[in-house]
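Structure record follows, encoded as structure tokens.
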2 protein chains.
Amino acid sequence: MLSTMSTPARPLEPVADTAHRLLEAAAEAFADRGFHATTTRDIASRAGLSPAGVYVHFASKEELLYQLSLEGHVAARDMLRSAADGASSPTEALRAIMARFATWHAEHFRVARIVQYEFANLTPEHRDAVLGLRKQIDAVVRDVVTSGVASGEFTVDDVPDTTLALMSMAVDVARWYDPEIKRTPEAIGAAYADLGVRLVTAR
Amino acid sequence: MLSTMSTPARPLEPVADTAHRLLEAAAEAFADRGFHATTTRDIASRAGLSPAGVYVHFASKEELLYQLSLEGHVAARDMLRSAADGASSPTEALRAIMARFATWHAEHFRVARIVQYEFANLTPEHRDAVLGLRKQIDAVVRDVVTSGVASGEFTVDDVPDTTLALMSMAVDVARWYDPEIKRTPEAIGAAYADLGVRLVTAR
DNA sequence: GTCTATAGCATGATAGAC
DNA sequence: GTCTATCATGCTATAGAC
């Protein structure tokens, strides 16, 4: 019976299964050309499948978008939470979340573009699910700003407005980032940690 | 022969001609749904025309996009230049350009979205033409930052990086702005003038 | 689980009457 | 300059063989 087992011991670097390859192909295509400009034939051929092969693994093109959007939002949220939790002060927390958020938007600019720009192309149900994650992401940043104001380290005119501006700077990295440029994602992150601190500092 | 004249004295509030109505219809549709998700039937019916009626005025859907993108970039550039030129110091210039740029991205968020997010859907020739305007827009902001550094009013780590971050904040307004929200475009502009100054100020 | 073939429909753009 | 009708194409998704 052993020979009929379908799940052998997982190697350390598993070969990407077909569903995973399709997600990667869709991520590239959606980020490069946008959801509506991407055809299922595009995705299928990038993954080495016929057009029909996609539908064994995903019910629709939107389902691929949803999976990518969901995974991207979860990854961003978890990364921000761990950055904020590991810091010893609001200032250090702000530096950590800005650095990691900006770095993430550069390093994963394809998924980040899907997260930021393709949200409106989800079905209403899927949009609602992702909206919950977006609120959690917002909350991480807002809580850091609030705690810095409370401790007296930060001086801001308005917490929600400042939160939004901080996120705007980092989110916009996904728009202009190009893997061809010289600046590394880490250098971008370091610069944005500094810029973030400036935004919460009054003279 | 007077009765055959096609251009009577222009009234103060001219009725929008058909080409203009089409541009407005396309702006709404492209901003709401994106270039590729918008159909020419969409645009035609919003403008009260049959699908074929579009092609009397514009050679293609992309031509509509190009006109909107071009007009939007020119408007943004001219607005920024006049804001910078009218200021008495780099700090006042920065406040003026940030306020007006942010206000513009809220007030004209539909055209602004087209300007910022549909650039990649232009033909290569049209992209090149618009790229020149984008460089001019960048130059206005960069020159203000440079002059502030020269005068000693600003302290920045890196002029191009700071220029980009300033623009990111204002550009991102078009992504999150919603005419339903309470904040007025002017209030947003005022807040971004302050945030801009913070970004060029070190403790 | 992958393929070939195609259904069923929407799209951008054009032809030609008025 | 606008219409109706339509072309030619491309799209998402499905059917059914293997």
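This one's a predicted model, so the numbers in the text were calculated from it and none came from an experiment. In what follows, every chain begins at residue 1, and chains take the letters A, B, ... in the order their sequences are listed.
- B:T39 comes within 4.0 angstrom of the backbone, heavy atoms only, and of no base.
- Per the geometry, CZ belonging to A:F58 stands 16 Å off C1' belonging to D:dA13, to the nearest Å.
- Here C:dT11 presents its P atom at 14 Å from CZ of B:F35, a figure rounded to the nearest Å.
- OP1 or OP2 of C:dG12 has at least one side-chain nitrogen or oxygen of B:T40 nearer than 4.0 Å.
- Checked by atom type and distance alone, the side chain of A:R127 pairs as donor or acceptor with a backbone atom of A:L122 at under 3.5 Å.
- Rounded to a whole Å, the OH atom of A:Y55 is 18 Å from the P atom of C:dT6.
- Side-chain N/O atoms of B:H36 include none lying less than 4.0 angstrom from OP1 or OP2 on C:dT11.
- You'll find that the side chain of B:A52 is closest to C:dT14, out of C:dT14, D:dT2, D:dA15.
- With sequence neighbours left out, B:T91 forms a side-chain hydrogen bond (donor to acceptor under 3.5 Å, both in side chains) with B:E153.
- No side-chain heavy atom of A:E24 sits less than 4.5 Å from a side-chain heavy atom of A:R46.
- Remark: P of D:dG1 and CG of B:D17 are 10 Å apart, rounded to the nearest angstrom.
- As rounded to whole Å, 12 Å separates atom C1' of D:dT2 from atom CG of B:L22.
- Between B:I43 atom CD1 and D:dT2 atom P there is a gap of 16 Å when expressed in whole angstrom units.
- Along DNA chain D, the nucleotide closest to A:K61 and the one closest to B:G53 are compared, and the more 5′ of them pairs with B:G53.
- Checked options B:D158, B:I97, B:L199, B:L166; the residue passing with B:V145 is B:L166 (criterion: side chain to side chain contact (heavy atoms under 4.5 Å, CB included)).
- Residues B:M167 and B:D138 form a side-chain contact, since some pair of their non-hydrogen atoms from C-beta on lies under 4.5 Å apart.
- Between the P atom of C:dG1 and the CZ atom of A:R21 lies a distance of 12 Å, rounded to the nearest Å.
- The phosphate of D:dG1 (OP1 or OP2) has no side-chain N or O of B:T18 nearer than 4.0 angstrom.
- Rounded to whole angstrom, the span from the CZ atom of B:R41 across to the P atom of D:dT6 amounts to 14 Å.
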